[in-house]
Amino acid sequence: MKKLVTLLSVPVVLLAAWGGTNWYVGQQTETVLKQFIEQQNQAAAQSGLKQELVSYEKSAFGAKAVTKLQMEIAPLKDLGEIQFISDISNGPIFLGGGSAVQFGSARINTRLDMDALTAEQRDWLTTAFAGKAPLEGHTVIGFGGGSSYDFTTNPLKLDQDGTTAVVDSITLSGTSTANMLGEINVQAGKIEVKDATTQFSLPSMSVDGNVTGMIGGQALGTFDIKMPGVSFLAEGTTVPVSFDLAMQSDSQRNDNVLAGKVAVQASNIKGVEDALSKVDYTLDITGLDVAGVEELGKIQAELQSAQNQMAWSAESMETPEGQQKQQELMTKLTEASGKMVNVMFGKVLKTDQSHLHSVLLAESPKGKLNADIDLTYTGTGAPDMMALASYGANDWAKMMKGKIKLDADKALLPPGTEMLLTPLTEQGLIAMDGEKIKSDLDLAGENVTLNGKAMTFADFVAMLAPAGMGGEMPAGGDSADMGIPEDILKQIETEGGITPEIIQLLEESDDVPKETVELMKQLQQMQQQMGEGKLPETAPAPPAGNNKE
């Protein structure tokens, strides 16, 4: 009898232990879920996506969570809110699923909340996905807060208003630590959209990534994207353009310095009449301040939030409350834009350390092109937006040094292009060397060497003005300072913008050309309108005869 009692007590004790462990683990899952949503919102702040935990109902062995996804950026904004239901089973052991046995604190099965949609939306999704669930997601949260996940969309077919769309299943899977680091993989089948005159086709796509850090809402690490056989047929054409597209990115931080590289390759290009067969582009940026990038990310999120809330329409301006809201948002936009400029020049860019190197290589059966830009930031200080508006050529010259080179085969260019290049050759911007088109620019502050010819940076900027736009320099100055006396420029900087008193000083000065006064009046009006929360009707045009942008 004692043995029987003992044998019967074993499953009872195991069941009690399982229930106790299950209850404890369940208490942790809600906290982990809230932390995950908060991290996702921080990472997606600039994209206009926001998640919210609507409800969390606990049960003996799990829970049911309802989350809401808000898309605040057009065109997704028109979709409104989308809800998801997550059925949560508490650990520590799970049977079935992706493997025979899984260990963790919780398993989460996620699906779209069809009941939260309108009848029209439900009918549309039921037809598009042939009665299957649009989304199926499975996540296992580990004991340390990390997770493994697998989300799949079922195939979609749509034929509406003359447009046919076919999207095979898309799978997102990977692993993530408690601080959102880990591997990510996306596999997509055929994506095809076409109507009577145009067509786009992507046979497959794969994305492999490894997130090694987060800075300012941006993921650091390596990403590799492959999209072979991309094809599109534009309206009015009969031959589709097709190519294989691949992209790689690598961003890392070393102490307080950030570096990143992006590479794009388009190969097997067809359908462009031998104009191009291959394109390679690389962009390498180094020497950015990590703390500055983090601050810039926060400002960009503020800017995006204000832009998402903007609703310039007759209806929004009919009431005093609506007018006040739009003015407040416009003020936020202005302040955020000013802070972005200040942080970019004052914190993100590091003098003599921030470096940009981009290379564009293009090939065709007829020739090759190589364009190389290698620049280093040499500026100092943090000018505000109004100070930048008064910058002349020499002010910008102090901000960078480096080399820009172009080497291209004439045969690569379309017929008739050489005639268009004649004015550039006569100006000395490019040089013809046999069957080659070349340009070699060496930037060294206020001094420039262009194709072996020394000149000032201001003279070089003047050469870039379109034909007939050069004119004469403003009286009392050159294109570098628009004829504005140094003491007035300093006053603009110290007073944080263009005031009515500044305009009066410019009008009274015999050295300032009328075109410059008119430009500064427009800038002052724009500044005043932005401060009042009004959009300027037109942007100020550069004064005639002035070569600065």
### Message
For the CD1 atom of Ile299 and the CG atom of Asn342, what is their distance to the nearest 0.5 Å?
### Response
8.0 Å
#### Entry: pair Leu258-Leu220: side-chain heavy atoms closer than 4.5 Å
yes
### Message
Less than 4.0 angstrom from a charged side-chain N to a carboxylate O is my criterion; do Lys350 and Asp289 meet it?
### Response
yes
#### Entry: Heavy-atom side-chain proximity of Leu369 to Leu406 below 4.5 angstrom
yes
### Query
Any ion pair linking Asp409 and Lys368 (charged N to carboxylate O, less than 4.0 Å)?
no
#### Entry: Side-chain touch Leu233/Thr198, heavy atoms, less than 4.5 angstrom
no
### Task
Show your working on side-chain contact (heavy atoms from CB on, under 4.5 Å) between Leu349 and Met399 and close with a plain yes or no.
CA-CA 10 Å; Leu349 297 175; Met399 288 192 169; over 6 Å; no
#### Entry: Lys270, NZ: over 12 other non-hydrogen atoms inside 6.0 angstrom
no
### Query
What is the minimum heavy-atom distance between Ala266 and Phe243, and which atoms define it?
CB-CD1, 4.5 Å
### Message
I'd like to know whether Asp440 forms a side-chain contact (heavy atoms from CB on, under 4.5 Å) with Asn451, so could you lay out the CA-CA distance, the side-chain angles of the two residues, the decisive distance to 0.1 Å, and finally the verdict.
### Response
CA-CA 5 Å; Asp440 193 339; Asn451 297 324; 3.9 Å; yes
### Task
State whether the side chain of Lys410 and the backbone N or O of Gly434 hold a donor-acceptor pair below 3.5 Å, judged by distance alone.
yes
### Task
Report yes if the side chains of Val461 and Trp396 come closer than 4.5 Å at any heavy-atom pair, otherwise no.
no
### Point-to-point distance, once rounded to the nearest 0.5 Å, from CE of Met247 to CD of Gln265
9.5 Å
#### Entry: Contact summary for Leu375 and Ile404, nearest pair of heavy atoms
CD2-CG1, 4.4 Å
#### Entry: Matching residue for Val207 among Leu172, Asp224, Val186 - test: side chain to side chain contact (heavy atoms under 4.5 Å, CB included)
Val186
### Message
Any donor-acceptor pair under 3.5 Å linking the side-chain atoms of Gln252 with those of Asn254?
### Response
no
### Query
Once you round to the nearest 0.5 Å, how far does NE2 of His355 lie from CG of Asp374?
3.5 Å
### Message
Given 3.5 Å as the limit, does a donor-acceptor pair link the side chain of Thr222 with the main chain of Gly209, or not?
### Response
no
### Query
Looking at OG of Ser354 and CD1 of Ile285, how far apart are the two atoms once the value is rounded to the nearest 0.5 Å?
9.5 Å
### Task
Please name the pair of heavy atoms, one in Ser201 and one in Glu192, separated by the smallest distance, quoted to 0.1 Å.
OG-OE1, 4.0 Å
### Message
I'd like to check Ile225 versus Leu245 (side-chain heavy atoms, cut-off strictly below 4.5 Å). Are they in contact?
### Response
no
### Query
Any side-chain heavy atom of Lys261 sitting closer than 4.5 Å to one from Gln248?
no
### Task
Rounded to the nearest 0.5 Å, what's the gap from CG on Leu443 to CZ on Phe460? Could you check?
6.5 Å
### Query
Any sub-3.5 Å donor-acceptor pair from Gln353's side-chain atoms to Gly287's backbone N or O?
no
### Message
Please find the pair of heavy atoms, one from Ala219 and one from Val211, that lie closest to each other, and give the distance.
### Response
CB-CG1, 4.1 Å
### Asp372, Thr286, Asp284 screened by side-chain hydrogen bond (donor to acceptor under 3.5 Å, both in side chains) with His357, the one that passes
Asp372
### Evaluation steps, side-chain contact (heavy atoms from CB on, under 4.5 Å), between Ile430 and Lys438
CA-CA 6 Å; Ile430 62 174; Lys438 295 186 176 183; over 6 Å; no
### Query
Nearest 0.5 Å, what's the OG-CG distance between Ser439 and Leu424?
9.5 Å
### Message
I'd like to check Met432 versus Ile437 (side-chain heavy atoms, cut-off strictly below 4.5 Å). Are they in contact?
### Response
yes
### Query
If only atom types and distance count, is the side chain of Asp195 paired as donor or acceptor with the main-chain N or O of Thr197 below 3.5 Å?
yes
### Side-chain touch Ile191/Met205, heavy atoms, less than 4.5 angstrom
no
### Closest non-hydrogen atom pair, Ser277 against Ser364
OG-CA, 3.5 Å
### Query
Do the side chain of Thr351 and the main chain of Gly379 share a donor and acceptor less than 3.5 angstrom apart?
yes
### Task
Test side-chain contact (heavy atoms from CB on, under 4.5 Å) on Thr378 and Lys398 and set out the steps.
CA-CA 6 Å; Thr378 57; Lys398 296 174 183 177; 5.6 Å; no
### Task
Look only at the side chain of Asn447 and the backbone of Thr456, and say whether a donor-acceptor pair between them is shorter than 3.5 Å.
no
### Closest approach of Val193 to Ala165 (non-hydrogen atoms, all atoms of both residues)
CG2-CB, 4.3 Å
